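Below is one structure; the comments refer to it alone.
Bear in mind the structure is a predicted one, so any value in this text is a computation, not a measurement.
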Amino acid sequence: MYMVYWTVIEEDASVAHGKSFDSDDMASALKFMEELRTRQRAGERLCFVTMASENPHSVGPPGVADPSPDYNWKKRRK
């Protein structure tokens, strides 16, 4: 899944927004971000346009974690 986040400055307050996109629809998320940035360049009070993703097929848990006990990677040395 992809999430696009942006902030709108309204009077003296910042209002955060977000919109989700399906995991197979990165193109739409990028297009939406470009639309937001185009509005920003035109003078609208938008900032912090960014995207985050979460891969549902990831081989490990998200974030930092210790490797599983069966993980046996070794660096090759010559």
Side-chain angles (χ1 to χ4, degrees):
M1 172 166 44
Y2 299 101
M3 288 291 296
V4 174
Y5 298 100
W6 70 100
T7 301
V8 178
I9 310 298
E10 296 177 352
E11 296 177 15
D12 291 331
S14 298
V15 180
H17 298 274
K19 183 175 179 180
S20 65
F21 296 86
D22 289 335
S23 294
D24 60 351
D25 203 11
M26 181 191 264
S28 292
L30 293 171
K31 181 179 177 189
F32 182 69
M33 288 176 65
E34 188 54 33
E35 290 168 4
L36 290 172
R37 290 186 175 126
T38 299
R39 290 169 46 193
Q40 184 182 37
R41 286 190 294 271
E44 278 192 54
R45 298 183 73 192
L46 302 172
C47 57
F48 298 107
V49 177
T50 190
M51 180 174 69
S53 65
E54 188 171 278
N55 184 350
H57 306 292
S58 180
V59 296
V64 178
D66 289 329
S68 64
D70 62 340
Y71 184 73
N72 191 21
W73 180 85
K74 292 191 179 9
K75 183 176 181 178
R76 263 192 201 164
R77 297 177 188 242
K78 292 183 178 187

Salt bridge (charged side-chain N to carboxylate O under 4.0 Å, His left out) evaluation trace for Glu34 with Arg41: CA-CA 10 Å; Glu34 188 54 33; Arg41 286 190 294 271; 2.7 Å; yes
In one Ile/Leu/Val/Met/Phe/Trp/Tyr side-chain cluster, 4.5 Å: Val49, Met3: no
Any His17 side-chain heavy atom under 4.5 Å of Val8 side chain: yes
Heavy-atom pair of closest approach, residues Tyr5 and Ala52: CE1-CB, 4.2 Å
Arg39 side, atom CZ; Arg45 side, atom CZ - distance, nearest 0.5 Å: 14.0 Å
Cys47 side chain reached by Ile9 side chain, heavy atoms, under 4.5 Å: yes
Distance in Å, Met33 CE paired with Ser28 OG, rounded so as to fall on 0.5 Å steps: 13.0 Å
Leu30 and Met51: CA distance, side-chain angles, deciding distance, side-chain contact (heavy atoms from CB on, under 4.5 Å) verdict: CA-CA 8 Å; Leu30 293 171; Met51 180 174 69; 3.9 Å; yes
Spacing of Phe21 atom CZ and Ser53 atom OG [to the nearest 0.5 Å]: 13.0 Å
hydrophobic_cluster_shared for Met1 and Trp6, side chain cutoff 4.5 Å: no
side-chain contact (heavy atoms from CB on, under 4.5 Å) assessment of Val4 paired with Leu36: CA-CA 10 Å; Val4 174; Leu36 290 172; 4.0 Å; yes
Glu10 atom CD, neighbour heavy-atom count above 12 within 6.0 Å: yes
Interatomic distance, Tyr2 atom OH to Ser23 atom OG [nearest 0.5 angstrom]: 6.5 Å
